[in-house]
Amino acid sequence: PYGGIVCWSVLPCLANDRRVTFDFGYELLWGSIFVLLAVRLYGTTAGVVAALFSSICTVGVWGHAGAIPVAVAEAVFVGVTLRRTSANIVLLDACFWLLAGMPLAWLVFRCLLGVKPDETMVLVLKFGVNGIFNSLVASLLVHYFQMPQAPGHRFWLRLLPRAAHTKTHSLDVTRFT
């Protein structure tokens, strides 16, 4: 399992390196896709480790550690609630961002980092939208490759044969797991 944790910790950093930057300076990051997949495949601890590595990678780019508490909290919330409820990742992540993630991001950026109120609101909204979109992508990947929920399963052993036999134009893809 340690090889998988290392792999799922490196992938978010690589994904965050391929961020999309808008003209007005805000960036969309893709690392939480792999954090949520780590939570799904290996459990909360692996997701927290992946979130920690993913957010540490942003310190060099942004010059502050503001993403660390938010990313770790997202992995903990989704991991714990996924284990208890077996609900879908998109629903759990949307609940996180609305109930805890956006308020936590506001506290970090406004109170700890002293960002102006209007910029803080834009950052908070960007974090929430980016996080929910990434959970949607992670959910689509889980469904398409039929990744198991139980931690420790080696889904990649089934990956190639299942992908070859999956219907690509099915309406089943709209059911997010």
Side-chain angles (χ1 to χ4, degrees), residues 5 8-9 11-143 149 151 176-177:
I5 292 173
W8 290 104
S9 297
L11 285 173
C13 289
L14 295 174
N16 280 345
D17 191 44
R18 301 290 175 227
R19 60 194 172 274
V20 174
T21 304
F22 294 105
D23 289 336
F24 43 90
Y26 297 103
E27 301 171 330
L28 294 180
L29 303 175
W30 313 115
S32 69
I33 295 169
F34 297 102
V35 170
L36 293 171
L37 290 175
V39 166
R40 170 92 180 188
L41 296 172
Y42 292 99
T44 306
T45 303
V48 167
V49 170
L52 194 58
F53 277 101
S54 172
S55 55
I56 286 173
C57 293
T58 65
V59 173
V61 175
W62 293 342
H64 60 77
I68 294 174
V70 179
V72 170
E74 179 183 23
V76 169
F77 182 91
V78 173
V80 169
T81 53
L82 184 65
R83 184 180 50 193
R84 291 184 180 173
T85 65
S86 296
N88 70 47
I89 293 172
V90 178
L91 177 64
L92 295 177
D93 205 55
C95 288
F96 166 76
W97 282 107
L98 293 174
L99 300 175
M102 291 171 79
L104 178 60
W106 185 86
L107 284 172
V108 167
F109 285 102
R110 181 71 186 121
C111 298
L112 295 179
L113 297 175
V115 177
K116 296 176 190 173
D118 54 340
E119 291 178 26
T120 300
M121 290 307 295
V122 173
L123 282 169
V124 165
L125 287 173
K126 193 256 354 154
F127 266 66
V129 169
N130 194 178
I132 294 169
F133 177 78
N134 286 351
S135 70
L136 178 62
V137 172
S139 181
L140 288 170
L141 290 171
V142 164
H143 183 71
Q149 181 170 331
F176 305 118
T177 56

I want to check something: taking the side chain as every heavy atom from C-beta on, are L125 and M102 in contact at a cut-off of under 4.5 Å? yes

* Asked: Within the distance-only criterion (no hydrogens, no angle test), does the side chain of T85 pair as donor or acceptor with the backbone N or O of T81 below 3.5 angstrom?
  -> yes

**Q.** Flag, side chain of K126 to backbone of L28, donor-acceptor distance under 3.5 Å
**A.** no

Scanning both residues in full, the closest heavy-atom pair of G66 with P69 reads O-CD, 3.6 Å

Quick note, side chain to side chain donor-acceptor pair (under 3.5 Å) partners involving residues 94-123, not counting sequence neighbours, are E74-W97, D93-W97

Heavy-atom nearest pair, A38 first then A50, reads CB-CB, 4.2 Å

Short question: side chain of N88, backbone of S139 - any donor-acceptor pair under 3.5 Å? no

Of all heavy-atom pairs linking V39 and G47, the shortest is CG2-CA, 3.5 Å

- Please examine the side chains of I68 and V59, heavy atoms only from C-beta on, and report whether any two atoms are closer than 4.5 Å. yes

Between the CG atom in L123 and the CG atom in N130, the distance rounded to the nearest 0.5 Å is 11.5 Å

Residues L104 and A73: closest non-hydrogen pair is CD2-CB, 3.8 Å

Heavy atoms of F127 and V70 approach each other most closely as CD2-CG1, 4.2 Å

Subject >> Any side-chain heavy-atom pair of L112 and L107 under 4.5 Å >> reply: no

Distance col, row L136:CG vs I89:CD1, nearest 0.5 angstrom, shows 10.5 Å

Sorted by chain and number, sequence neighbours left out, side chain to side chain contact (heavy atoms under 4.5 Å, CB included) with L113 holds for H64, V108, F109, V115

task = Give a yes or no on whether F53 atom CZ has more than 12 heavy-atom contacts from other residues, nucleotides or ligands under 6.0 Å away.
result = no

For T44 and V76, the nearest pair of non-hydrogen atoms, with its separation, is CG2-CA, 4.0 Å

